[in-house]
Protein chains: 2
Amino acid sequence: MAEAVQKPKRAARPSADATRTRILEAAEKLFADRGFHGVTVREIAREADVDPALANYHFGSKEQLFSSALLARAEEFMAEREAALTACIADADGTPTLESVIVAYTHPYLEHAQSGDPGWRSWFKLLAKANTSPEWAPEVFRDRFDPFVRKFIEAMKLAAPGAPDERYYWCYHFFSGALVLTFAETGRMDRLSDGKCRSGDLASGYDLLVPFFAEGFESILSGRRPPLGGGA
Amino acid sequence: MAEAVQKPKRAARPSADATRTRILEAAEKLFADRGFHGVTVREIAREADVDPALANYHFGSKEQLFSSALLARAEEFMAEREAALTACIADADGTPTLESVIVAYTHPYLEHAQSGDPGWRSWFKLLAKANTSPEWAPEVFRDRFDPFVRKFIEAMKLAAPGAPDERYYWCYHFFSGALVLTFAETGRMDRLSDGKCRSGDLASGYDLLVPFFAEGFESILSGRRPPLGGGA
DNA sequence: GTCTATAAGATGATAGAC
DNA sequence: GTCTATCATCTTATAGAC
């Protein structure tokens with residue numbers, strides 16, 4: 001105990017912090033698989049091998065636990081991507097290519113998916129579910145995700161300036177739908193292709209996603225391909 | 001009663017069929033907004049202004065009710081799209097353009113969204129949620145959606161032949177993620193753009209979506225833009 | 001076909017002992 | 001920090017009266 005006072009080393013006692021982490025990891029996994037309403041606090045506690053009351057003690061309500069799970073990796077993820085985006089713009093003296101902006105935005109997905117920590121893959125599934133049910137953790141979207149998306153859109157304006165404002169938003173919208181679904185690994189493609197393509201082969205998907213969307217963005221933002229009606 | 005025997009006209013008595021329909025419409029709306037686990041059978045019955053026991057009587061379990069709601073419009077929707085796809089191929093003597101195939105695949109979304117029946121917009125939201133939680137009604141995906149998607153992919157092969165098989169599947173995957181999210185109208189874009197873009201303005205989105213994806217497909221399937229790694 | 005009543009069990013949350 | 005016990009409520013589903 002005198003030792004602990006002198007040197008407050010973490011994990012001297014495996015309890016409190018470890019418990020929090022175990023609950024958070026269990027919540028991440030189960031919420032990712034079954035969504036907010038598809039999981040009970042008791043199930044999360046059981047998965048974490050922890051008393052049910054501890055979930056409430058450490059995180060408050062079930063809503064707060066969900067937000068905590070979504071937020072846990074959001075900080076790190078957004079910071080990395082923001083750094084990549086800033087570097088990409090600086091490296092190109094303020095006029096990056098569309099492809100380089102897309103790489104900066106998406107490469108952290110691939111890196112984490114391949115990192116060996118399976119928690120990231122769960123978190124991407126969680127993100128996909130939250131993306132079509134934003135009412136589950138609106139403040140996380142508002143405070144953590146949206147500001148970074150706005151920076152991405154500003155970077156697209158540097159890469160392909162002069163298009164009507166709405167086009168940047170719609171193109172981003174298409175892009176995000178595809179990106180989030182890809183890293184959610186729903187397995188649908190595996191069945192559609194009779195096993196010829198695997199959802200889990202994210203490296204192959206990524207290598208196609210980047211040029212696919214670079215070209216889509218380029219054709220719309222440059223005006224090379226006009227909108228169908230000829231309108232906005 | 002003698003009349004009813006002679007001429008078994010539908011809706012002579014507004015009860016049975018009307019009740020089924022009311023339950024189905026309420027289920028469609030509530031499941032679309034909150035997902036399978038986010039809604040109780042009692043809430044659906046209350047929304048339909050019907051006794052809770054009738055949901056079980058008419059549809060069986062809650063799972064079956066969800067599947068019925070997803071299936072209800074799927075038949076009509078897929079039949080229309082299949083007809084459009086077949087016509088598009090026939091009109092072009094077997095070599096349609098990529099854009100015309102994309103239009104055949106997507107235009108029924110826009111038509112129904114603008115049809116005045118708000119049930120279709122709910123159903124598109126339901127589809128988006130089911131798309132990231134396919135475990136809620138796997139048989140509907142397997143039996144109704146997947147066969148039609150395979151026909152779409154065959155049509156893409158007619159329009160842009162000769163690419164490695166996996167590219168058709170990945171490109172379809174990107175496309176479907178964007179399409180389904182667009183017609184889910186999550187409202188995210190409205191906030192991101194500070195109201196400059198509205199999720200509900202589906203006509204504008206559609207007019208950009210078609211050329212955006214025509215170009216993405218074209219560039220990848222033709223090999224004009226190679227995959228990042230230079231690989232498959 | 002509709003509705004009442006109820007079975008049989010799970011749920012989120014907390015108060016209070018340790 | 002942890003765990004036991006429990007509250008008040010809600011859940012899906014069905015049996016049986018009308």
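All values below were derived from every heavy atom in this structure, side-chain atoms included, with hydrogens, water molecules and symmetry-related copies excluded.
Here the C1' atom of nucleotide C:dG12 and the CD atom of A:Gln64 are 13 Å apart, to the nearest Å. In this structure, B:Asp49 places its CG atom 13 Å from C1' of C:dT2, rounding to the nearest Å. The separation between B:Asp51 atom CG and C:dT6 atom P is 15 Å, rounded to whole Å. As rounded to whole Å, 12 Å separates atom C1' of C:dG12 from atom CZ of A:Phe31. Distance A:Lys62 NZ to C:dA10 C1': 12 Å, rounded to the nearest Å.
Mapping A:Arg42 and A:Val50 onto DNA chain D via the closest heavy atom, the residue that lands nearer the 5' end is A:Val50. If A:Ala53 and B:Pro52 are placed on DNA chain C by their nearest nucleotide, the residue sitting closer to the 5' end is B:Pro52.
Of the listed residues (A:Arg150, A:Arg144, A:Lys151), just one forms a salt bridge (charged side-chain N to carboxylate O under 4.0 Å, His left out) with A:Glu82, and that residue is A:Lys151. Tested against A:Phe183 for a side chain to side chain contact (heavy atoms under 4.5 Å, CB included), the candidates A:Leu127, A:Leu202, A:Thr106 yield a single pass: A:Leu202.
Between B:Ser15 and the phosphate of C:dG1, there is no side-chain N or O to OP1/OP2 separation shorter than 4.0 Å. The phosphate of C:dA13 has OP1 or OP2 within less than 4.0 Å of a side-chain N or O from A:Asn56. For A:His37 and C:dT11, the shortest distance from a side-chain N or O to OP1 or OP2 is not below 4.0 Å. In this structure, B:Thr19 reaches the C:dT2 phosphate: one of its side-chain N or O atoms is under 4.0 Å from OP1 or OP2.
Here C:dG1 is the nucleotide among D:dC3, C:dT11, C:dG1 with the atom lying nearest to any side-chain atom of B:His58.
When the shell of 6.0 Å around NZ of A:Lys29 is examined, it contains 12 or fewer heavy atoms from other residues, nucleotides or ligands.
Taking the centre of each ring, A:Phe174 and A:Phe213 stay at or above the 6.0 Å mark.
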